[in-house]
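Sequential numbering from 1 along the given sequence is applied to the chain's residues. Note that ligands are numbered from 1 as they come in the structure, with each ligand's atoms numbered from 1 the same way.
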Amino acid sequence: MFSFNVLIVITTLAVTAYTAPSDKNADCGNGRVAADASCCLWFDVLDDLQTNFFDGGECGEEVHESLRLTFHDAIGFSLSAESQGIFGGGGADGSIMHFAEIETNFHANQGVDEIVEKQRPFAIKHGVSFGDFIQFAGAVGVSNCAGGPRLQFMAGRSNVTQPAPDLTVPEPSDSVDAILARMGDAGFSSDEVVDLLASHTVAAQDHVDPTIPGTPFDSTPGSFDPQFFVETLLQGTLFPGNGSNVGEVESPLRGELRLQSDFLLARDSRTACQWQSFVANQSRMVIRFQAAMAKLAVLGQNVDALTDCSEVIPVPSVAQSNVGTLPAGKTLQDIEVSCLTTAFPTLSADPGPATSVAPVPPS
Ligand code: HEM
Ligand SMILES: *[C@@H]1O[C@H](CO)[C@@H](O)[C@H](O)[C@H]1NC(C)=O
Ligand SMILES: *[C@@H]1O[C@H](CO)[C@@H](O)[C@H](O)[C@H]1NC(C)=O
Ligand SMILES: *[C@@H]1O[C@H](CO)[C@@H](O)[C@H](O)[C@H]1NC(C)=O
């Protein structure tokens, strides 16, 4: 607000005499610089999180859960409710933390209570709003994943909100129609739903099959690589745990769990080509994920009232390869090609004995 007023005054007096307002390029100490001085406090939050929350900067369980939480908070938002003058949720407003006793009891939020309670003391300690903290933790966390995105971070969400209603978060047992309708009601196209699901490349489950907590959705849950998009297209052959569960279908690899929703979205004519477009194009996957996450992170917010503090988010390591591979023991014959307009890219197969995936230690 201050810089905005300064800008108006200066441009009114003399357009050519504009100089940058004095709070720009603030020195935050320790050689760190922020475009806006109000962003400096986020460097302290960053250091605390990396050291005391993400185990020194790993892409592990806390990162995965924190990224999931950005979605479960933000998707409590409904354009159709808004147009009818009904409260359909405040979007990325921290309501899942403020009203954890309500929202974490929703079926789709199973397991989210753990990360909410782990994050809460950090948000309180640093005096930042719960809505800001949830999006910040997700952005910092996923920057730790090899080849990861550098997400935008906007600060300044209000700490005052209301509980989101139930049934805004998609379930793995939902149909593609239901998922696209719900996501569309929050403003996302079918392509953007696929873009957001790049998150499942750094993900594992605890609650779909509770007998095998820590079972990942692809063979490389510590890397932000395209393996999730390759492996979800392989023919399913086995259940990794105790048989079939609600929202689960057969996976192609021992130690890997496949959600029914991911299986269906990979094969539906509305989403299959966007899905396939990431199989051999990691940089495309990252760019599209960044754009979709920038939208998700400010759902329900007045963006003009927020400050861009993206410079605080660390620059992730560069991806080792732009192209996914076939897990050892699989061939292109095992791919259930589902995009009918673009040829499936040629992938090389990993050498060695058939890939089996080690579980991620549950938190
Ligand atoms: C189409 C909608 C989606 C469905 C049906 C879905 C479903 C699920 C389910 C069932 C789990 C396993 C939870 C557990 O058992 O512990 C999961 C994990 C996860 N989801 Fe999604 N998801 C969806 C979209 C998203 C989006 C948009 C994001 C983020 C932007 C996301 C990020 C994650 C992450 C990071 C995990 C791993 C959590 C962990 O390892 O602890 N998901 N998802
Ligand atoms: C945000 O609200 C919570 C209560 O829901 C409170 O504990 C916390 O201190 C508040 N934080 C700020 C920055 O106002
Ligand atoms: C595995 O599933 C069977 C039936 O499908 C059930 O009786 C058994 O209790 C399950 N085992 C565990 C460890 O949950
Ligand atoms: C990867 O995607 C980008 C952006 O969509 C596109 O410009 C580029 O041609 C793609 N690369 C390959 C090898 O397909």
Option with minimal heavy-atom separation from atom 34 (C) of ligand 1, where the choices are Gln205, Arg182, Gln110, Arg68: Arg68
Aromatic contact, Phe278 with Phe228 (centres under 6.0 Å): no
Asp206 contact mode with ligand 1 (heavy-atom cut-off under 4.0 Å): both
For atom 21 (Fe) of ligand 1, the closest N/O/S atom belonging to His200: NE2
Atom 30 (C) of ligand 1: the protein heavy-atom neighbour that sits closest, reported with distance to 0.1 Å: Met293 SD, 3.6 Å
Closest protein heavy atom to atom 9 (O) of ligand 2, given as residue, atom name and distance to 0.1 Å: Ile124 CG1, 4.4 Å
Residue Phe130 vicinity, atoms of ligand 2 by number, heavy atom under 4.0 Å: 3 (C), 5 (O)
Cys309/Cys39 sulfur atoms closer than 2.5 Å: yes
Protein heavy-atom partner closest to atom 5 (O) of ligand 4 - residue, atom, separation in Å: Arg284 NH1, 3.0 Å
Contact partition for Leu197 relative to ligand 1, non-hydrogen atoms under 4.0 Å: side chain
Asp174 and ligand 1 - part of the residue with a heavy-atom distance under 4.0 Å: neither
NZ/NE/NH1/NH2 to OD/OE distance under 4.0 Å, Asp47 and Arg32: yes
salt_bridge(Asp177, Arg270) N-O dist < 4.0 Å: yes
Winner among Ala204, Pro216, Ser199 once heavy atoms are compared against atom 39 (C) of ligand 1: Ala204
Atom 8 (C) of ligand 4: nearest protein contact (heavy atom, Å): Asn281 ND2, 3.8 Å
Mutual orientation of the aromatic rings belonging to Phe153 and Trp42 [parallel < 30°, tilted 30-60°, perpendicular > 60°]: perpendicular
Nitrogen or oxygen atoms of Asn159 and ligand 2 under 3.5 Å apart: yes
